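Taking it in order: structure first as structure tokens, then the write-up.
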2 protein chains.
Amino acid sequence: MSAAPVSPGDGTSASAGSKHEIVYEAIRRRILDGSYGPGHRLVLDRIAREFDVSPVPVREAVRRLEAQGYVDFQRNVGARVATFDEAQFAETTEVLAILEGAATALAAPRMRKSDLTAARRSNARLNALLGDFDPIEFSRENRAFHFVFYDRCPNRQVRALVEQQWAKLDTIRRSSFIYVPGRARSSVAEHEQIIRLVEKGATASAIESATRAHKLHTIQALAAASAARTTRKPPEVR
Amino acid sequence: MSAAPVSPGDGTSASAGSKHEIVYEAIRRRILDGSYGPGHRLVLDRIAREFDVSPVPVREAVRRLEAQGYVDFQRNVGARVATFDEAQFAETTEVLAILEGAATALAAPRMRKSDLTAARRSNARLNALLGDFDPIEFSRENRAFHFVFYDRCPNRQVRALVEQQWAKLDTIRRSSFIYVPGRARSSVAEHEQIIRLVEKGATASAIESATRAHKLHTIQALAAASAARTTRKPPEVR
DNA sequence: CGCCTCCAAATCGTATATGATTTCGAGTCT
DNA sequence: AGACTCGAAATCATATACGATTTGGAGGCG
């Protein structure tokens, strides 16, 4: 189970131990775990005092987060955690569908028996979670499942991008809770199908489209559910 | 012809006019146009003096570049322009193949007649350039060709990623010059094929795989050419 | 009563200053 | 000669200081 719990250092780390790095990691974690929800304002001086550092390293940290799309920054105004609307969520999911499909297909030939076993075990846990449904736990395990595959993807760039996009989605999942009734169950079934395809050495193309479809179903389910609760607006953060 | 010449502000801009922004753009441009080749060392104080600013905004600029993968940064040592080896180049091209395939397929249904005309015109220019071959000009026009499609891709995230990856590749193309003899000609032919597929309303899947294959051919050609010049090592920068 | 003007607090942007770390070479020992 | 030690120069990391800009509201005006 090496699947990164929340995505470790996102790859582009460098200067461990420096104050700017500490602050960067801390803010990033808070964004990802929801302590800093979308729209949350990041006041540099305040953060600096909290971490007992000067504002300079805080600014550097925020710049990095800005460049990665975690926060929006406005000159002379400040930074705030990026806000996602449903459209952006859907778009990012689509990106992930594309990348995951490719990543899984690329990984397939490199999957060992033990990997498939791990995947099945993971999917079994997901199945077990279907009982009293815990969205957070399910999401975590779901991630773990998919990363069994990505870990074997030989293309580092693809892997990095997948992790990045996944992290982005996590930001949102925390706040506005995405939960589509029947989705989880069919998701588990699709997982098993993907495992089988890999197992029997299906073509890359077959594996890719199955994985992509799997993800796209989530968008569709979401869109349907969203259409259902007609008038209700998504929670706006100011 | 709205295809960004070198990719304008990469999307995640924010604070125009600030010194940090000026420096950021300047350094970025230099990396992209090759003034700062891979491995080039970025000494903060020196850059600060050159732009007549303090080192603080320079650091911010560099942090952003770091987060985007343009430069590598080592604590207490400094920043240098990211170095790409051939493997990374291939991996990034593969990413681009995946994304471009998807982007083009997504764009296809939205392409208007005028867009196809523009694409053909662009491809004609590419064809004309086949004579006395100018790699830079060809590369520019090639980019323009593909962006005719991406501009119609409805998924912003995908578009942003494509631009980002393309910029990354540009960094490399400037320095170590990638030129594979017969490739350009077949490239033009493949372009025409893609146009036809879109024109006749082929399935998304058909368009996607054609586009992806088009890009992957470049990797293959490169690999072949690279295998040919056996002993010669790629230019190392220190 | 609502709109506009002006001021002060909050916060950002950048410069300057200083301590810390790395690098690299001169000098020394074996 | 080669390896090691020490130290100065270069450069990074961070703190502090201060001017600049935005924001929100008090008070005045129509």
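Side chains are part of it too, since the values below use all heavy atoms of this structure and drop only hydrogens, waters and symmetry mates. Quick note on labels: first sequence line is chain A, next is B, and so on, each numbered from 1. Keep in mind the model is a prediction, meaning the values are calculated, not measured.
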Ranking D45(B) and V77(A) by the position along DNA chain D of their nearest nucleotide, the one closer to 5' is D45(B)

Atom NZ of K19(B) to atom C1' of dC12(C): distance rounded to whole Å? 14 Å

Please work out if R59(B) contacts a base, only the sugar-phosphate, or nothing of the nucleic acid, heavy-atom cut-off 4.0 Å. base

Between dT11(D) (P) and R80(B) (CZ): distance, integer Å: 12 Å

Among the nucleotides dT22(D), dC12(D), dT14(D), which one has an atom lying closest to any side-chain atom of N76(B)? dC12(D)

Do NZ/NE/NH1/NH2 and the carboxylate oxygens of R143(A) and E163(A) come within less than 4.0 Å? no

Just call it for V56(B): base, sugar-phosphate, or nothing, with non-hydrogen atoms closer than 4.0 Å on any strand. base

Please test E208(B) against T104(B) for side-chain hydrogen bond (donor to acceptor under 3.5 Å, both in side chains), starting from the C-alpha separation and ending with a verdict. CA-CA 7 Å; E208(B) 173 163 4; T104(B) 305; over 6 Å; no

Considering every strand and a 4.0 Å limit on heavy-atom distances, what is the contact class for L42(B): base, sugar-phosphate, or nothing? sugar-phosphate

Donor-acceptor contact present, side-chain R159(B) to main-chain C153(B), <3.5 Å: yes

For S54(A) and dT14(D), is the shortest distance between a side-chain N/O and OP1 or OP2 below 4.0 Å? no

Tell me the interatomic distance from E60(B), atom CD, to dC12(D), atom P, rounded to whole angstroms. 16 Å

Rounded to whole angstrom units, what separation is found between the CZ atom of R49(A) and the P atom of dT16(D)? 13 Å

Should the pair E60(A)-R63(A) be classified as a salt bridge under the 4.0 Å nitrogen-to-oxygen rule? no

Assign V43(A) to base, sugar-phosphate, or nothing according to its heavy-atom contacts below 4.0 angstrom with the strands shown. sugar-phosphate

Whole-Å distance, R75(A) CZ to dT11(C) P, equals 18 Å

Give the rounded distance in Å between these two atoms: CD of E66(B) and C1' of dC12(D). 14 Å

Upstream residue (5' side of DNA chain D) when L44(B) and P55(A) are each assigned their closest nucleotide: L44(B)

Interatomic distance, F51(A) CZ vs dA13(D) P [rounded to whole Å]: 19 Å

For atom OH of Y24(B) and atom C1' of dT14(C), their distance in whole Å: 20 Å

Relative to the ring of Y150(B), is the ring of H146(B) parallel (under 30°), tilted (30 to 60°) or perpendicular (over 60°)? parallel

